[in-house]
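First the proteins, then the strands, lettered A, B, ... as listed; each starts at 1.
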Amino acid sequence: KQEVTQIPAALSVPEGENLVLNCSFTDSAIYNLQWFRQDPGKGLTSLLLIQSSQREQTSGRLNASLDKSSGRSTLYIAASQPGDSATYLCAVNMIYNQGGKLIFGQGTELSVKP
Amino acid sequence: SQTIHQWPATLVQPVGSPLSLECTVEGTSNPNLYWYRQAAGRGLQLLFYSIGIDQISSEVPQNLSASRPQDRQFILSSKKLLLSDSGFYLCAWSRENTEAFFGQGTRLTVV
(Lines give C-alpha, C1' and ligand atoms only; values in the text may rest on other atoms or scores of the structure.)
Protein backbone atom coordinates (compact mmCIF):
# COMPACT_ATOMS: atom_id res chain seq x y z
CA LYS A 1 0.00 0.00 0.00
CA GLN A 2 1.38 3.38 -0.99
CA GLU A 3 2.22 5.78 1.83
CA VAL A 4 3.12 9.39 1.20
CA THR A 5 4.93 11.34 3.90
CA GLN A 6 5.77 15.02 4.11
CA ILE A 7 8.33 16.31 6.56
CA PRO A 8 8.32 18.70 8.32
CA ALA A 9 4.65 19.13 9.17
CA ALA A 10 5.24 22.85 9.74
CA LEU A 11 8.00 25.27 8.80
CA SER A 12 8.58 28.91 9.64
CA VAL A 13 11.22 30.94 7.80
CA PRO A 14 12.14 34.61 7.41
CA GLU A 15 11.31 36.36 4.16
CA GLY A 16 13.90 35.97 1.42
CA GLU A 17 15.12 32.56 2.48
CA ASN A 18 15.36 29.69 0.02
CA LEU A 19 13.63 26.58 1.29
CA VAL A 20 13.00 22.95 0.49
CA LEU A 21 9.88 20.92 1.20
CA ASN A 22 10.15 17.15 1.22
CA CYS A 23 7.82 14.41 0.03
CA SER A 24 8.58 10.69 0.22
CA PHE A 25 6.64 7.69 -1.01
CA THR A 26 7.04 3.98 -0.34
CA ASP A 27 6.02 2.50 -3.71
CA SER A 28 7.95 3.71 -6.76
CA ALA A 29 5.31 2.48 -9.26
CA ILE A 30 4.03 5.99 -9.80
CA TYR A 31 2.68 7.52 -12.99
CA ASN A 32 3.32 11.06 -11.84
CA LEU A 33 3.60 13.30 -8.78
CA GLN A 34 1.84 16.61 -8.27
CA TRP A 35 2.50 19.48 -5.87
CA PHE A 36 -0.38 21.62 -4.63
CA ARG A 37 -0.81 24.73 -2.56
CA GLN A 38 -3.74 25.17 -0.18
CA ASP A 39 -4.62 28.46 1.48
CA PRO A 40 -6.66 28.26 4.72
CA GLY A 41 -10.25 27.26 4.05
CA LYS A 42 -9.69 27.08 0.31
CA GLY A 43 -9.33 24.45 -2.36
CA LEU A 44 -6.09 23.13 -3.83
CA THR A 45 -4.12 24.99 -6.46
CA SER A 46 -1.92 22.90 -8.71
CA LEU A 47 1.70 24.06 -8.71
CA LEU A 48 3.71 21.49 -10.63
CA LEU A 49 3.20 18.05 -12.17
CA ILE A 50 6.19 15.76 -12.70
CA GLN A 51 5.84 12.68 -14.86
CA SER A 52 7.67 9.56 -13.68
CA SER A 53 10.12 9.88 -16.57
CA GLN A 54 11.07 13.44 -15.60
CA ARG A 55 13.64 14.60 -13.08
CA GLU A 56 12.36 18.11 -12.44
CA GLN A 57 9.88 20.80 -13.36
CA THR A 58 10.15 24.55 -12.89
CA SER A 59 7.59 27.34 -12.64
CA GLY A 60 8.82 30.78 -11.66
CA ARG A 61 10.43 30.59 -8.21
CA LEU A 62 9.34 26.97 -7.79
CA ASN A 63 11.34 23.92 -8.74
CA ALA A 64 10.19 20.38 -8.10
CA SER A 65 12.47 17.38 -8.42
CA LEU A 66 11.69 13.69 -8.53
CA ASP A 67 13.87 10.69 -7.70
CA LYS A 68 11.53 7.80 -8.31
CA SER A 69 13.99 5.07 -7.40
CA SER A 70 14.55 6.49 -3.91
CA GLY A 71 10.92 7.50 -3.49
CA ARG A 72 11.53 11.20 -2.99
CA SER A 73 10.43 14.54 -4.34
CA THR A 74 11.39 18.01 -3.23
CA LEU A 75 9.78 21.38 -3.81
CA TYR A 76 12.30 24.19 -3.81
CA ILE A 77 11.03 27.73 -3.25
CA ALA A 78 13.49 30.49 -4.02
CA ALA A 79 13.49 33.89 -2.30
CA SER A 80 10.44 33.13 -0.19
CA GLN A 81 7.78 35.81 0.34
CA PRO A 82 5.00 36.21 2.92
CA GLY A 83 2.52 35.43 0.13
CA ASP A 84 4.03 31.94 -0.08
CA SER A 85 2.56 31.14 3.33
CA ALA A 86 0.18 28.20 2.85
CA THR A 87 0.02 24.43 3.20
CA TYR A 88 1.86 22.52 0.50
CA LEU A 89 0.66 19.04 -0.43
CA CYS A 90 2.21 16.40 -2.62
CA ALA A 91 0.23 13.60 -4.22
CA VAL A 92 1.11 10.56 -6.32
CA ASN A 93 -0.81 8.84 -9.10
CA MET A 94 -0.09 5.12 -9.16
CA ILE A 95 0.43 3.10 -12.33
CA TYR A 96 -1.89 0.34 -11.19
CA ASN A 97 -4.74 2.61 -10.06
CA GLN A 98 -7.53 3.14 -12.53
CA GLY A 99 -8.92 6.61 -12.99
CA GLY A 100 -6.02 8.84 -12.00
CA LYS A 101 -6.72 8.65 -8.29
CA LEU A 102 -4.32 10.62 -6.12
CA ILE A 103 -2.73 9.56 -2.84
CA PHE A 104 -1.85 12.55 -0.70
CA GLY A 105 0.68 13.36 1.96
CA GLN A 106 -0.40 15.21 5.11
CA GLY A 107 1.10 18.47 3.93
CA THR A 108 3.68 20.97 5.16
CA GLU A 109 2.34 24.20 6.63
CA LEU A 110 4.69 27.00 5.60
CA SER A 111 4.84 30.39 7.28
CA VAL A 112 7.08 33.09 5.79
CA LYS A 113 7.66 35.94 8.22
CA PRO A 114 8.18 39.51 6.94
CA SER B 1 -9.96 27.25 -20.45
CA GLN B 2 -11.35 24.76 -18.01
CA THR B 3 -13.02 25.76 -14.76
CA ILE B 4 -14.53 23.83 -11.90
CA HIS B 5 -17.36 25.10 -9.76
CA GLN B 6 -18.37 23.68 -6.42
CA TRP B 7 -21.19 24.81 -4.16
CA PRO B 8 -22.18 25.71 -1.56
CA ALA B 9 -19.02 27.03 0.05
CA THR B 10 -20.27 26.40 3.58
CA LEU B 11 -23.11 24.35 4.96
CA VAL B 12 -24.43 23.68 8.46
CA GLN B 13 -26.84 20.78 8.64
CA PRO B 14 -28.52 18.93 11.53
CA VAL B 15 -27.87 15.27 12.17
CA GLY B 16 -30.26 13.11 10.16
CA SER B 17 -30.88 15.67 7.43
CA PRO B 18 -30.12 15.01 3.73
CA LEU B 19 -27.13 16.39 1.84
CA SER B 20 -26.48 17.40 -1.73
CA LEU B 21 -23.21 18.96 -2.86
CA GLU B 22 -22.77 19.87 -6.51
CA CYS B 23 -19.74 20.16 -8.73
CA THR B 24 -19.61 21.12 -12.40
CA VAL B 25 -16.73 21.38 -14.83
CA GLU B 26 -16.65 23.68 -17.83
CA GLY B 27 -14.43 23.74 -20.89
CA THR B 28 -13.73 20.03 -21.26
CA SER B 29 -15.60 16.84 -22.07
CA ASN B 30 -15.60 13.39 -20.47
CA PRO B 31 -13.42 14.36 -17.52
CA ASN B 32 -12.55 12.04 -14.68
CA LEU B 33 -14.33 13.41 -11.60
CA TYR B 34 -13.51 12.97 -7.93
CA TRP B 35 -14.84 13.70 -4.47
CA TYR B 36 -12.29 13.99 -1.66
CA ARG B 37 -12.75 14.73 2.02
CA GLN B 38 -10.23 16.53 4.17
CA ALA B 39 -10.56 16.14 7.93
CA ALA B 40 -9.04 18.84 10.15
CA GLY B 41 -5.24 18.70 10.14
CA ARG B 42 -5.15 15.67 7.87
CA GLY B 43 -4.56 14.83 4.26
CA LEU B 44 -7.17 14.25 1.61
CA GLN B 45 -9.07 10.99 1.41
CA LEU B 46 -10.65 9.92 -1.87
CA LEU B 47 -14.35 9.13 -1.47
CA PHE B 48 -15.61 8.56 -5.03
CA TYR B 49 -14.30 8.76 -8.55
CA SER B 50 -15.98 8.54 -11.93
CA ILE B 51 -14.44 7.90 -15.33
CA GLY B 52 -17.75 8.37 -17.15
CA ILE B 53 -21.51 8.63 -16.75
CA ASP B 54 -22.82 5.60 -14.85
CA GLN B 55 -19.25 4.66 -13.91
CA ILE B 56 -18.81 5.62 -10.27
CA SER B 57 -16.56 3.84 -7.82
CA SER B 58 -16.57 4.17 -4.05
CA GLU B 59 -13.26 4.07 -2.25
CA VAL B 60 -14.42 3.80 1.36
CA PRO B 61 -17.60 2.47 2.96
CA GLN B 62 -19.59 5.35 4.30
CA ASN B 63 -22.85 7.16 4.68
CA LEU B 64 -22.43 9.00 1.38
CA SER B 65 -23.20 8.33 -2.26
CA ALA B 66 -22.26 9.97 -5.55
CA SER B 67 -24.03 10.42 -8.85
CA ARG B 68 -23.10 11.79 -12.27
CA PRO B 69 -26.31 12.87 -13.99
CA GLN B 70 -24.42 14.66 -16.78
CA ASP B 71 -20.95 14.34 -18.27
CA ARG B 72 -19.56 17.32 -16.36
CA GLN B 73 -21.68 17.22 -13.21
CA PHE B 74 -20.85 15.29 -10.07
CA ILE B 75 -23.08 15.22 -6.99
CA LEU B 76 -22.30 14.03 -3.48
CA SER B 77 -25.32 13.01 -1.43
CA SER B 78 -26.48 11.56 1.82
CA LYS B 79 -29.93 10.55 2.97
CA LYS B 80 -29.15 11.07 6.67
CA LEU B 81 -26.10 12.95 7.85
CA LEU B 82 -23.99 11.80 10.80
CA LEU B 83 -21.79 13.95 13.01
CA SER B 84 -18.79 12.14 11.55
CA ASP B 85 -19.67 13.45 8.08
CA SER B 86 -18.41 16.89 9.05
CA GLY B 87 -15.38 17.98 7.08
CA PHE B 88 -14.08 19.83 4.07
CA TYR B 89 -15.25 18.30 0.80
CA LEU B 90 -13.37 18.89 -2.41
CA CYS B 91 -14.35 18.11 -5.97
CA ALA B 92 -11.67 17.61 -8.61
CA TRP B 93 -11.31 16.73 -12.27
CA SER B 94 -8.56 15.46 -14.52
CA ARG B 95 -7.92 13.82 -17.83
CA GLU B 96 -6.59 10.30 -17.38
CA ASN B 97 -3.20 10.39 -15.63
CA THR B 98 -2.68 14.10 -16.11
CA GLU B 99 -2.82 17.17 -13.91
CA ALA B 100 -5.72 17.32 -11.45
CA PHE B 101 -7.66 20.51 -10.72
CA PHE B 102 -9.69 21.17 -7.62
CA GLY B 103 -12.72 23.23 -6.72
CA GLN B 104 -12.82 25.69 -3.83
CA GLY B 105 -14.32 23.17 -1.43
CA THR B 106 -17.40 22.95 0.80
CA ARG B 107 -17.08 23.22 4.56
CA LEU B 108 -19.78 20.93 6.01
CA THR B 109 -20.63 21.09 9.69
CA VAL B 110 -23.12 18.58 11.01
CA VAL B 111 -24.67 19.68 14.29
Name the member of B:Gly105, B:Gly103, B:Ser94, B:Ala100 that forms the most heavy-atom pairs with chain A at distances under 4.5 Å. B:Ala100
In terms of heavy-atom proximity below 4.5 Å to chain A, should B:Gln6 be classed as side chain, backbone, both, or neither? neither
Shared hydrophobic cluster for [X] and [Y] (ILVMFWY, side-chain gaps under 4.5 Å):
X	Y	result
B:Phe101	B:Leu44	no
A:Leu89	A:Leu62	no
B:Leu81	B:Leu76	yes
B:Val60	B:Leu83	yes
A:Leu66	A:Leu75	yes

Heavy-atom closest pair, residues A:Leu102 and B:Tyr36: N-OH, 3.2 Å
With a 4.5 Å heavy-atom cut-off (strictly below), which parts of residues 39-49 of chain A touch chain B? List them by number. A:Gly41, A:Lys42, A:Gly43, A:Leu44, A:Ser46, A:Leu49
Name the region of A:Gln38, side chain, backbone, both or neither, that has any atom closer than 4.5 Å to a heavy atom of chain B. side chain
For B:Tyr49 and A:Gly100, indicate whether the former's side chain and the latter's backbone hold a donor-acceptor pair under 3.5 Å. no
A:Glu109 CD: over 12 foreign heavy atoms closer than 6.0 Å: no
Enter the distance from A:Asn32:CG to B:Asn97:CG here, rounded to the nearest 0.5 Å. 6.5 Å
